[in-house]
Colleague: 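The structure is given below, and queries will be raised subsequently.
Computed from heavy atoms alone, side chains included, the values below leave out hydrogens, waters and symmetry copies.
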Amino acid sequence: YRFNLLKQDGDTQVYGQSLDRGMLSGSMDWRPTDDLVLQLAISRKRYELDGRQFQFFLGGAVPDPLDGTRFYGPEGTFLDVDSKDATFAATYNPSDATTVRAAYQWKEDTRAMVYALGGLLENREQVQFGIYGGKNGGLNRGGYVYLDSAFSTGPLRHALTIGVNGYKYENRLAILPDGGPSFFTPPYTVNLSDLADSGVRAPDWDLDDSRWMVNARSRNYNLVIGDDIRLNDEWSLMAGINRSTIQTESFSFASGEPEPGSRYDESATTPTASLLYRPNAVATTYATYIESLEQGAIVGPGYVNAGEI
């Protein structure tokens, strides 16, 4: 077994910004029999940044490079991240040629933040921005079970793997008393030259006065069969088939109902093959063919097929 405790607290390279973070983790291996190994790992991580740097709109006008050692955000901005995860794994070797592997992981992240977001005005001498505050998070659960088997068929040597893997992910928003997912202020306008000393302070919002809701879910399941076939000392072939299913859906933060057109539920069987040639002990050449299933983008508004995938 092993335990780790890490702690950091102090100022960053940005004047007026401080960081407090820590981690507590522990792991344990247990071998109840010669053929079975059980593993457990847990951790808790905390990240607290006091003073979140100003953010310019993505794709908008940005100024010339600013002094990276100065803090340009309003006072009272921050980013807090709390992460917890646990993993359990088991490996069973009933024989020298057979291995069963299984694992399950649970991970939860919670983020609270207050930050300034804005952009340059047309005169490029002033910046207009708002201050936003809110909480979000995610919960991820996943695992796998695999069977590995080594055997021969005539002159061919096989390393066969059969198994399943998958995960479920939930994205969460903290809904505030007014029914929205974030606080925000009216816009401020300051001179670019005064951005680091604007005198603007973020409101003292109570982000804990909120309720959690799931605004998106995604799932991915895979049935995998693969074989590493050694033809001789120089040539080998890796071939496999994956049956994959992807399911996603988004939900309205106001009503909790599914968003129209947001549901994606597709399955496909896809092949993978690689031919490898090893002319000597230090070189390998190979050719690979791969197919895979991935979610397509949802067409945005303003198009004839809006909402379609």
Colleague: Strictly under 6.0 Å, is that where the ring centroids of Y146 and Y144 end up?
Modeller: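 Yes, the ring centres sit under 6.0 Å apart.
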Colleague: Name the residue from K135, R44, R46 that meets the salt bridge (Lys or Arg N to Asp or Glu O under 4.0 Å) definition with D82.
Modeller: R44
Colleague: Is there a side-chain contact between Y92 and D35 (heavy atoms, below 4.5 Å)?
Modeller: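 When only atoms from C-beta onward are counted, D35 and Y92 do touch, with a gap below 4.5 Å.
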Colleague: Could you list who else is in M238's hydrophobic cluster, with ILVMFWY side chains joined at under 4.5 Å, directly or through other members?
Modeller: L276, Y286
Colleague: If you measure from OH on Y289 to CG on L275, what distance do you get to the nearest 0.5 Å?
Modeller: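 With rounding to 0.5 Å, OH (Y289) is 15.5 Å from CG (L275).
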Colleague: Is there a side-chain contact between Y72 and Q53 (heavy atoms, below 4.5 Å)?
Modeller: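 With C-beta onward as the side chain, the pair touches.
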Colleague: Are the side chains of K7 and D20 in contact, using a 4.5 Å heavy-atom criterion?
Modeller: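 When only atoms from C-beta onward are counted, K7 and D20 do touch, with a gap below 4.5 Å.
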Colleague: Could you check whether N220 and Y169, counting side-chain N and O atoms only, form a donor-acceptor pair closer than 3.5 Å?
Modeller: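 No.
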Colleague: May I ask you to say whether R217 pairs ionically with E249, meaning some side-chain N is under 4.0 Å from a carboxylate O?
Modeller: no
Colleague: Among pairs that include at least one residue of residues 224-237, which meet side-chain hydrogen bond (donor to acceptor under 3.5 Å, both in side chains), considering only residues two or more places apart or in two chains?
Modeller: H158-D227, S236-R278
Colleague: Might you confirm whether atom OH of Y277 has over 12 heavy atoms from other residues, nucleotides or ligands at distances under 6.0 Å?
Modeller: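 Yes, the 6.0 Å shell around OH holds more than 12 heavy atoms from other groups.
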Colleague: Please report the C-alpha distance between D197 and R70 in whole Å, then the side-chain angles of each, then the deciding distance to 0.1 Å, and finally whether the side chain to side chain contact (heavy atoms under 4.5 Å, CB included) criterion is met.
Modeller: CA-CA 10 Å; D197 301 297; R70 300 190 66 186; 3.1 Å; yes
Colleague: Y264 versus I246: any side-chain heavy-atom pair under 4.5 Å?
Modeller: yes
Colleague: Which distance, rounded to the nearest 0.5 Å, do you find between the CG of L36 and the CZ of R31?
Modeller: 8.5 Å
Colleague: Please step through side chain to side chain contact (heavy atoms under 4.5 Å, CB included) for the pair Q17 and L49, ending with a clear verdict.
Modeller: CA-CA 7 Å; Q17 185 184 71; L49 181 67; 3.7 Å; yes
Colleague: Is it the case that atom CD in Q8 sees more than 12 heavy atoms from other parts of the structure closer than 6.0 Å?
Modeller: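 Result for CD/Q8: enclosed.
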Colleague: Between F56 and F54, is the gap from one ring center to the other below 6.0 Å?
Modeller: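 That pair passes the under 6.0 Å test.
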Colleague: Do the ring centers of Y104 and F88 come within less than 6.0 Å of each other?
Modeller: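 So the answer is no for these two rings.
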Colleague: Have S218 and T248 got a donor and an acceptor in their side chains that come within less than 3.5 Å?
Modeller: no
Colleague: Taking atom types as modelled, find out whether E257 and S252 have a side-chain donor-acceptor pair closer than 3.5 angstrom.
Modeller: no
Colleague: Between K168 and E170, does any NZ, NE, NH1 or NH2 come within less than 4.0 Å of an OD or OE carboxylate oxygen?
Modeller: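 Salt bridge absent between E170 and K168.
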Colleague: Dump the intermediate steps for side chain to side chain donor-acceptor pair (under 3.5 Å) on S25 and S43, then the final yes or no.
Modeller: CA-CA 4 Å; S25 67; S43 71; over 6 Å; no
Colleague: If I compare all heavy atoms of L38 with all of A90, which pair ends up nearest, and what's the gap?
Modeller: CD2-CB, 3.7 Å
Colleague: Do V114 and F183 have side chains that approach each other closer than 4.5 Å (heavy atoms only, starting at C-beta)?
Modeller: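 No. Closest side-chain heavy atoms not under 4.5 Å.
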Colleague: Contact between N93 and T98 at the side-chain level, heavy atoms closer than 4.5 Å - yes or no?
Modeller: no
Colleague: Report yes if some heavy atom in the side chain of F78 is under 4.5 Å from a heavy atom in the side chain of D80; otherwise report no.
Modeller: yes
Colleague: Strictly by modelled atom types, are D67 and T69 linked by a side-chain donor-acceptor pair under 3.5 Å?
Modeller: yes
